[in-house]
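Down below is the structure, laid out as C-alpha cells.
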Amino acid sequence: MATRAIDSGRTVLANKYNQGKLFFYEHFQEVVVDTTDISALVSASHDLNLAEDSGVQKVARELDNACKEAGFFYVKGHGIPDSLLNEVKNVVQNFFDLPYEEKVKIKLSPATGYRGYQRIGENITLGKPDIQEAIDCYRPMEPGEYGTLGETMEGQNLWPEYPPNFRSLMEEYIILLKELAKKIMRGIALALGGPSDAFDGEIAGDSFWAMRLIGYPGSYDATSQRIKCSIGCGAHSDYGLLTLINQDDNVDALQVRNKSGEWIWVVPIPGTFICNIGDMLKVCSNGIYDATLHKVINNSYKYRVSVVFFYEPNYNTTVEPLEFCKLKTGGVGSFQGVIYGKHLVHKVKANFGL
Ligand SMILES: N=C(N)NCCCC[C@H](N)C(=O)O
Ligand SMILES: O=C(O)CCC(=O)C(=O)O
Ligand SMILES: [Fe+2]
C-alpha cells in the first residue's frame with residue numbers, strides 16, 4: 001500500500017487554486033493511496049467459507065496494510081451506484097440552501113436525543129466552534145430500551161419536509177451503508193486474523209450507527225477579497241468502529257494524519273468511499289490498528305458537502321480487546337473494557353454547549 005506525501009502534489013494543488021484566482025494554503029500535499037477494490041468481499045460476504053476465497057484473502061491483506069499504515073483507505077467495488085452517492089449529496093446541499101427559519105424546524109437539542117439540525121458554530125471540537133452546519137442522525141432508540149444507560153440518546157430522527165424525498169432517500173442509503181460497513185468489518189476481522197463474523201452478534205450485530213450530513217461554507221471573505229482559513233472540523237478521531245465518508249467531489253478539504261505525523265489531503269475520488277478507523281476498533285484490535293486522526297479545512301470559495309456514516313458497536317456492548325488480537329500482541333490487553341454508549345454520551349455532551 002503506497003501511502004506517501006509527494007512534493008509534486010504541491011504544484012498540482014497550487015495550480016488548481018491559482019486558476020480559480022483564490023487560494024491560500026498553509027501546506028500543500030497530495031497523497032497517493034491505492035484504492036482497495038472490495039468487490040470480491042462484497043459478493044462473497046454471505047458465504048460461510050469467506051476466509052477460503054482467494055479474492056477475499058487479497059482484499060483482507062490490502063485492508064490490513066491500509067489499516068496499519070495510514071488508518072484510512074478509499075474503497076471501490078462497493079456496489080453502491082454513483083447516482084445514489086450523488087443524489088444523497090445533492091439533497092443535502094438543497095437542504096442547506098434553505099433559509100435558517102426552515103432548517104431550524106428540526107433543531108438538535110438534548111430533548112431530541114441530540115438528533116437534528118445544528119447551525120454553523122454550534123458543534124465544538126478542541127474547544128473551538130467548527131465552521132460547519134449539519135444534521136445528526138442515530139439509530140432510533142425507544143424510551144427505556146437501554147434503561148438509564150440509554151436515556152441521553154433516546155429519540156427518533158428528525159427529517160426535514162424539504163426536499164420532499166429527503167427521508168426516503170436517507171433511509172434507503174442507511175440500509176445500504178449498514179450492510180456495506182458490516183461486510184467491510186468482516187474483511188477487517190479476517191485482516192486481523194480472526195473469524196469473519198468477529199464483529200457480528202455481540203459487538204455490532206445491532207449497530208448503534210450514526211450519520212452526519214454536513215455542509216461547510218466556502219471561506220471567501222468579500223471584504224478582504226481573500227480566502228480565510230476556516231476550520232470546518234478540528235482534529236479528532238471517530239468514536240466507533242468504522243466510518244464511511246461520501247465526500248464532495250469538488251473540494252479538497254479532508255486531511256488525515258499518517259504514522260509519520262504528516263497531515264495528508266484526502267483528495268476526492270468520485271465513486272469511492274473513504275473509510276477510517278474509530279476508537280472502538282482500536283480497542284477491539286488491542287491497538288494493532290490505531291484510530292485515524294483527521295480534520296476538515298475548507299480553504300476554497302466553494303460550499304462543501306459530506307455525508308458521513310459511522311458504523312458503531314451495539315449501544316450496550318462492553319468493548320474490549322478481542323482474544324485473537326491479544327494473542328497477536330503478547331497476550332495482554334492494553335485497554336480497559338468500555339461500554340460504547342457511555343463513550344458516545346461523553347463525546348456527544350462535549351460537542352455542544354447545550
Ligand atoms: N459521531 C462522530 N464520530 N462524530 C465525529 C465528530 C467529531 C467532532 C466532534 N466535535 C468531536 O470533538 O468529537
Ligand atoms: O467532512 C468530512 O468529510 C469528515 C467529517 C468528520 O470527520 C466527522 O464528522 O466525523
Ligand atoms: Fe470524523
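First listed ligand is number 1; within each ligand, the first listed atom is number 1.
- The nearest protein atom to atom 2 (C) of ligand 2, hydrogens excluded, is given as Ser306 OG, 3.3 Å; this is a heavy-atom distance.
- Without hydrogens or angle criteria, Asn298 side chain to Tyr216 main chain gives a donor-acceptor distance under 3.5 Å.
- Of the protein's non-hydrogen atoms, His236 CD2, 3.2 Å is the one closest to atom 7 (C) of ligand 1.
- Within a 6.0 Å radius of OH in Tyr100, more than 12 heavy atoms belonging to other residues, nucleotides or ligands are found.
- Phe310 CE2, 3.3 Å is the protein heavy atom nearest to atom 3 (N) of ligand 1.
- Here Thr243 has no heavy atoms under 4.0 Å from ligand 2, in either its backbone or its side chain.
- Ring-plane geometry between Tyr303 and Phe96 is classed as tilted, the angle between the planes lying from 30 to 60 degrees on a 0 to 90 degree scale.
- Close approach of ligand 1 to Asn351 is summarised as follows: ligand atoms under 4.0 Å from at least one heavy atom of the residue are 9 (C), 10 (N), 11 (C), 12 (O), 13 (O).
- With Asp238 contributing its side chain and Gly278 its backbone, the two residues share no donor-acceptor pair below 3.5 Å.
- Contacts with ligand 2 closer than 4.0 Å are made by side-chain heavy atoms of Ile214 only, the backbone lying farther away.
- Counting only heavy atoms of the protein, atom 1 (O) of ligand 2 lies nearest to Tyr216 OH, 2.6 Å.
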Distance-only donor-acceptor pairs under 3.5 Å for side chains of residues 331-349, two or more places apart:
residue : atom : partner : partner atom : Å
Ser334  : OG   : Asn286  : OD1          : 3.4
Tyr340  : OH   : Glu312  : OE2          : 3.0
His343  : NE2  : Asp279  : OD2          : 2.9

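- Using a 4.0 Å cutoff on heavy atoms, His236 counts as a contact of ligand 2.
- Counting just the N/O/S atoms of His294, the one with the shortest distance to the Fe ion (ligand 3) is named NE2.
- Compare Tyr114, Tyr239, Trp209 by their heavy atoms: the one nearest to atom 2 (C) of ligand 1 is in Tyr239.
- Few gaps surround NZ on Lys328; more than 12 heavy atoms of other groups in view lie less than 6.0 Å from it.
- Applying the side-chain hydrogen bond (donor to acceptor under 3.5 Å, both in side chains) test to pairs two or more places apart or on separate chains, those with a residue in residues 193-205 are Arg186-Asp200.
- Considering every non-hydrogen atom in both Val42 and Gly77, the closest pair reads CG2-O, 3.7 Å.
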Would you please test Asp249 and Lys89 for side-chain contact (heavy atoms from CB on, under 4.5 Å) and show each step? CA-CA 10 Å; Asp249 291 336; Lys89 284 181 285 200; 3.7 Å; yes
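- For ligand 2 and Phe310, the ligand atoms under 4.0 Å from any heavy atom of the residue are 8 (C), 9 (O), 10 (O).
- From the protein, the heavy atom lying nearest to atom 9 (O) of ligand 2 is Arg212 NH1, 3.2 Å.
- Per-residue contacts place Asp238 under 4.0 angstrom from the following atoms of ligand 2 (heavy atoms of the residue considered): 10 (O).
- Contact check on Arg115 versus Asp136 returns no salt bridge, with no Lys/Arg side-chain nitrogen under 4.0 Å from an Asp/Glu carboxylate oxygen.
- Shortest contact from atom 8 (C) of ligand 1 to any protein heavy atom: Thr125 OG1, 3.3 Å.
- Ion pair Arg139/Glu145 flagged as a salt bridge, since at least one NZ, NE, NH1 or NH2 atom sits closer than 4.0 Å to an Asp/Glu carboxylate oxygen.
- Only the side chain of Arg304 comes within 4.0 Å of ligand 2, judged by heavy-atom distances.
- Those atoms of ligand 1 that come under 4.0 Å of a heavy atom in Ile124, given as number and element, are 10 (N), 12 (O).
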One pair to check against side-chain contact (heavy atoms from CB on, under 4.5 Å): Phe208 and Tyr138. What are the steps and the verdict? CA-CA 7 Å; Phe208 196 73; Tyr138 294 93; 3.7 Å; yes
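- Looking only at protein heavy atoms, the nearest one to atom 4 (C) of ligand 2 is Val296 CG2, 3.9 Å.
- Taking the N/O/S atoms of Asp238 in turn, the shortest distance to the Fe ion (ligand 3) belongs to OD1.
- Within the listing of ligand 1, atoms 9 (C), 10 (N) sit less than 4.0 angstrom from a heavy atom of Asn123.
- Those atoms of ligand 2 that come under 4.0 Å of a heavy atom in Ile245, given as number and element, are 3 (O).
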